[in-house]
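Contents: one structure, followed by commentary.
Counting from 1, the numbers follow the sequence of the chain as shown.
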Amino acid sequence: MRKEYDIQNLNPRKNPYTKKLKKQITINIDNDTIAYFKALAEQTGIPYQTLINMYLTDCAQNHKEPKIAWS
């Protein structure tokens, strides 16, 4: 084995998945909301965190804005 490798020239292609990386965050979600997604996860066989991510991704892609009315 060599003592040093030129890492940049080993694989000059860019990783196509770097745009899809996920970032771990902390978020407070109501218990009822978590229960809803967990029940949906049981039905679909998709993990509930993935379902929440899929829903939020859909909202972002379709520019859905929440309708908030203060009374």
Side-chain angles (χ1 to χ4, degrees):
M1 290 184 62
R2 294 182 185 177
K3 288 185 178 181
E4 293 184 23
Y5 287 91
D6 186 3
I7 302 296
Q8 291 185 359
N9 289 326
L10 286 177
N11 189 358
R13 295 176 292 159
K14 290 185 179 181
N15 185 342
Y17 299 106
T18 56
K19 292 181 182 177
K20 299 248 180 203
L21 291 178
K22 294 181 181 180
K23 181 175 182 174
Q24 184 175 0
I25 63 167
T26 301
I27 185 171
N28 296 321
I29 300 176
D30 295 333
N31 287 331
D32 293 342
T33 304
I34 294 171
Y36 171 79
F37 278 101
K38 283 187 175 183
L40 193 59
E42 287 287 323
Q43 293 174 7
T44 61
I46 300 171
Y48 78 97
Q49 290 179 337
T50 302
L51 288 173
I52 293 170
N53 184 56
M54 289 169 59
Y55 181 75
L56 292 174
T57 300
D58 181 59
C59 289
Q61 288 175 346
N62 293 308
H63 305 286
K64 292 182 184 177
E65 295 182 13
K67 295 180 181 176
I68 301 173
W70 301 99
S71 53

Testing the basics here: between F37 and I52, what is the closest heavy-atom pair and its distance to 0.1 Å? CG-CG1, 3.5 Å

Looking only at heavy atoms, which two atoms of P47 and A41 are closest? And how far apart? C-CB, 4.1 Å

Residue pairs involving residues 34-59 (criterion side-chain hydrogen bond (donor to acceptor under 3.5 Å, both in side chains); sequence neighbours excluded): D58-N62, D58-K64

Quick one: hydrophobic cluster around L21, which other residues, with the 4.5 Å side-chain cut-off, linked directly or via members?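 L21 clusters with nothing; isolated.
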
Taken in chain and number order and not counting sequence neighbours, the residues that satisfy side chain to side chain donor-acceptor pair (under 3.5 Å) with D32 are none

Would I68 and I27 show up in the same hydrophobic cluster when neighbours are defined by side-chain heavy atoms closer than 4.5 Å?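 No, no single cluster joins them.
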
